Amino acid sequence: MAKRIGRFLQIFFGCHARPDRSFYFRGRQFPICARCTGELVGMLTGILVAICYGCPNFWIVCLMMIPLVVDGFTQRLTAYESNNMRRLWTGILFGIAFIFMFVYFHRFCIYAAAAILKLFYDPQNVERVMERFL
């Protein structure tokens, strides 16, 4: 069962699961690397934060994604080698921001659908129905 979950996580995150970039617990390697572990922890945390406190400003969410992008691309394009703690923390920030982006995408879809429906139906009824989804 644990191997199936580990394989699912590797596929879900597109993770390389390299031993030198993974954490170990009691001598066993995590099924996903440090960065993907951070993203998973961040996504779970982001769900709780979004439910309890809502989402921060869109631009703050974008700024939260930058550290992972910079660290990942710098490591990919240069001789720079990040460490697992940096990978974990940038992954956590990115994972939280990723959940917030889903919330913003959901809101965008509702507004876009409402704009289209207003062309064919009574705008006041559309507004009333739209409020249920926000």
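FYI, the numbering just counts along the sequence from 1. A quick note: this is a predicted structure, and the numbers were derived from the prediction, not measured.
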Could you check Glu39 against Leu68 for side-chain contact (heavy atoms from CB on, under 4.5 Å), going step by step and ending with a plain yes or no? CA-CA 10 Å; Glu39 288 178 28; Leu68 181 135; 3.7 Å; yes

Please step through side-chain contact (heavy atoms from CB on, under 4.5 Å) for the pair Val49 and Phe100, ending with a clear verdict. CA-CA 9 Å; Val49 171; Phe100 293 153; 3.6 Å; yes

Taking every non-hydrogen atom, the tightest pair across Arg87 and Ser82: NH2-O, 2.8 Å

When you check the gap from the basic side-chain N to the acidic O, do Glu81 and Arg21 get nearer than 4.0 Å? yes

Relative to Tyr104, does Arg107 satisfy both conditions: NZ or CZ under 6.0 angstrom from the six-membered ring centre, and within 45 degrees of the ring's axis? yes

Please tell me whether Met130 and Val103 are part of a single hydrophobic cluster in this structure, the criterion being side-chain heavy atoms less than 4.5 Å apart. no

Val129-Phe108 co-clustered via ILVMFWY side chain contacts under 4.5 Å: no

Heavy-atom closest pair (Leu93 atom, Met64 atom, distance to 0.1 Å) is CB-O, 3.6 Å

Which pair of heavy atoms, one from Cys62 and one from Met101, lies closest together, and at what distance? SG-CE, 3.6 Å

Gln10 side chain to Pro31 main-chain N or O, any donor-acceptor pair under 3.5 Å? yes

Do Phe25 and Ile5 belong together in a cluster built from hydrophobic side chains that touch within less than 4.5 Å? yes

Can you name the salt bridge (charged side-chain N to carboxylate O under 4.0 Å, His left out) partners of Glu131, sequence neighbours left out? none

For Asn84 and Asp20, the nearest pair of non-hydrogen atoms, with its separation, is ND2-O, 3.9 Å

All heavy atoms of Met65 vs all of Ala97, minimum pair found to be CG-CB, 3.6 Å

Between Leu88 and Phe23, is the side-chain contact (heavy atoms from CB on, under 4.5 Å) condition met? List the steps. CA-CA 10 Å; Leu88 176 72; Phe23 290 117; 4.0 Å; yes

All heavy atoms of Val61 vs all of Pro56, minimum pair found to be CG2-CG, 3.8 Å

Should the ring pair Phe98 and Phe102 be called parallel, tilted or perpendicular, given that the plane angle runs from 0 to 90° and is split at 30 and 60? perpendicular

Step by step, work out the side-chain contact (heavy atoms from CB on, under 4.5 Å) result for Ile47 and Ile51. CA-CA 6 Å; Ile47 291 169; Ile51 290 170; 3.8 Å; yes

